[in-house]
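Inspection log for the structure reproduced underneath, given as structure tokens.
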Protein chains: 2
Amino acid sequence: MPGKVKTRRKRLGREGLNRERVLSEALVLADREGPEAITMRGLADHLGVSPMALYNHVSSKKDLVQGLAEHLVNHVDFSCDDSHWQERIRSCFRRLRDACLAHPSAIRLMETVEVAPVSVFRPMEITLAALDKAGIGSADAVKGYCLLIGFTMGQVSYEIRGPFRSFDAGEALRRRRIAGAGFSHIERSVALDGWDFTSSFEFGLSVILAGLQEFALKK
Amino acid sequence: MPGKVKTRRKRLGREGLNRERVLSEALVLADREGPEAITMRGLADHLGVSPMALYNHVSSKKDLVQGLAEHLVNHVDFSCDDSHWQERIRSCFRRLRDACLAHPSAIRLMETVEVAPVSVFRPMEITLAALDKAGIGSADAVKGYCLLIGFTMGQVSYEIRGPFRSFDAGEALRRRRIAGAGFSHIERSVALDGWDFTSSFEFGLSVILAGLQEFALKK
DNA sequence: ACCTGAACACCGTTCAAGT
DNA sequence: ACCTGAACACCGTTCAAGT
């Protein structure tokens with residue numbers, strides 16, 4: 001190969017490294033090469049810098065990954081025109097889900113880290129305000145938020161690494177070990193199509209909002 | 001220290017190693033020392049065996065962790081006397097949650113692995129059967145299952161590593177950076193008590209079941 | 001069939017040194 | 001203040017060898 005020379009150094013623009021650059025390039029690298037590509041050495045190499053240079057901007061790999069989480073969630077646009085509380089919530093968690101699904105490798109990375117980012121406070125505030133409007137008191141509103149965030153992130157996590165990777169996963173499923181093992185309802189439902197992660201998410205959101213609605217009324 | 005001798009070898013009973021033993025001892029070790037203690041070398045040491053001995057019973061670390069996941073879920077008792085569909089579902093996911101919370105380190109480990117265990121088919125079958133009883137058709141029943149499993153595992157994951165580690169986490173929260181940052185609803189709700197993970201889970205389950213009920217009726 | 005020890009190609013991080 | 005190279009104490013896994 002003629003022009004194939006290893007030129008990894010001198011990738012940085014004129015203005016050197018900083019935390020922002022480290023984080024956004026980590027996201028680029030994760031998106032391109034997968035979560036396992038994010039090592040201190042690999043990221044340093046990608047940035048054309050020695051591994052130890054990173055430690056001037058992140059205090060550890062854990063800090064890097066937490067920073068990545070905040071970086072991602074901080075850039076989500078949660079603005080919404082519709083002021084109806086149900087639509088406000090729907091929009092909020094749709095946006096959150098979209099942002100996560102746009103960077104599955106980064107999400108995988110975050111799942112290895114101990115504490116969720118402070119960024120979760122933004123969707124939390126939005127949800128509490130919306131539920132307040134719906135007439136659901138503070139104590140229950142917090143539980144309502146936990147329901148919504150748990151569902152959304154649980155679904156995302158499932159979508160990213162669960163056994164149902166794509167729409168026609170039914171084939172793969174049937175081939176495994178469920179045949180004749182007493183899973184009749186599963187076998188029946190695996191045949192049908194019209195199922196995908198997004199419509200499943202929308203269904204879940206609607207069911208939750210209907211449940212919250214009813215809860216608000218009967219209070 | 002007088003009687004302090006390193007005796008790690010010869011821990012195995014008379015009947016050597018096997019997959020079951022490797023998996024159950026991995027669970028013991030994870031419970032006792034945390035997820036980061038589960039390395040091929042560390043587990044081998046715990047079993048009094050050379051690292052390479054493990055490869056006769058698991059094909060890789062990934063296989064070990066997936067085996068651990070199946071081992072855990074397979075031992076959950078999903079039996080339930082109550083035949084009402086709502087109670088059937090409630091019991092199923094309560095049991096699943098309890099099993100996960102009993103082994104947080106194992107759950108953390110599983111989150112690092114690519115594919116969820118086949119074991120998820122058991123709660124899935126139970127849920128589909130219950131929703132069938134409720135009059136919810138196959139296509140929607142699968143979505144209902146996704147809602148329930150996503151919520152349950154999302155909550156568990158959040159509980160294990162989220163920012164609200166214990167009940168009085170409000171203190172820790174207030175000390176961080178939310179003060180005066182426009183999070184008025186959060187600040188208000190952080191003051192109240194009577195919130196804990198279990199009651200939050202029960203609230204979520206009830207809201208979902210109410211939503212599914214309503215969905216079944218209006219169909 | 002099952003286990004061992006040495007080796008390989010990696011990790012994250014510390015430390016002493018450079019500018 | 002920011003970066004470097006060498007080194008340390010780890011990883012998972014391959015391989016050749018033992019019983």
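Per chain, numbering begins at 1; letters A, B, ... match sequence-line order. In this text the structure is predicted, and so the values were computed from the model without any measurement.
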For D:dA16, give the paired nucleotide (Watson-Crick: N1-N3 plus N6-O4 or O6-N4; G-U: N1-O2 and O6-N3; both under 3.5 Å), or none. C:dT4
Return the pairing partner of C:dC11 with a 3.5 Å limit on both distances, Watson-Crick or G-U wobble; otherwise return none. none
Between [N] atom [atom2] and [X] atom [atom1], what is the distance in whole Å?
X       : N      : atom1 : atom2 : value
A:Arg19 : D:dA1  : CZ    : P     : 18 Å
B:Arg21 : C:dC2  : CZ    : C1'   : 15 Å
A:Asp45 : C:dC10 : CG    : P     : 12 Å
A:Arg41 : C:dA9  : CZ    : P     : 14 Å
B:Lys61 : C:dC10 : NZ    : P     : 18 Å
B:Asn56 : D:dG18 : CG    : C1'   : 13 Å
A:Leu54 : D:dC3  : CG    : C1'   : 11 Å
B:Tyr55 : C:dC3  : OH    : P     : 15 Å

A:Arg108 bridged to A:Glu36 by N-O distance under 4.0 Å: no
Ionic contact status for A:Glu202 with A:Arg94, cut-off 4.0 Å: yes
According to a strict under-4.0 Å criterion, is B:His57 in side-chain N/O contact with OP1 or OP2 of C:dC3? yes
Can you find a side chain N or O atom of A:Thr39 that sits less than 4.0 Å from OP1 or OP2 on C:dC11? yes
Report the nucleotide, chosen from D:dC3, D:dT13, C:dC3, that has the shortest atom-to-atom distance to any side-chain atom of B:Ala53. C:dC3
B:Met40 side-chain proximity, nearest of C:dC3, D:dC3, D:dT13: D:dT13
Using a 6.0 Å distance limit plus a 45 degree cone around the ring axis, check whether B:Arg122 lies over the aromatic ring of B:Phe78. no
Quick check: on DNA chain C, is the nucleotide nearest A:Met52 upstream (toward 5') of the one nearest A:Glu36, or the reverse? Name the residue that is more 5'. A:Glu36
Are B:Ile89 and B:Ile208 side-chain neighbours, meaning at least one heavy-atom pair lies under 4.5 Å? no
How about A:Val58 and A:Met40: do any of their side-chain heavy atoms sit closer than 4.5 Å? yes
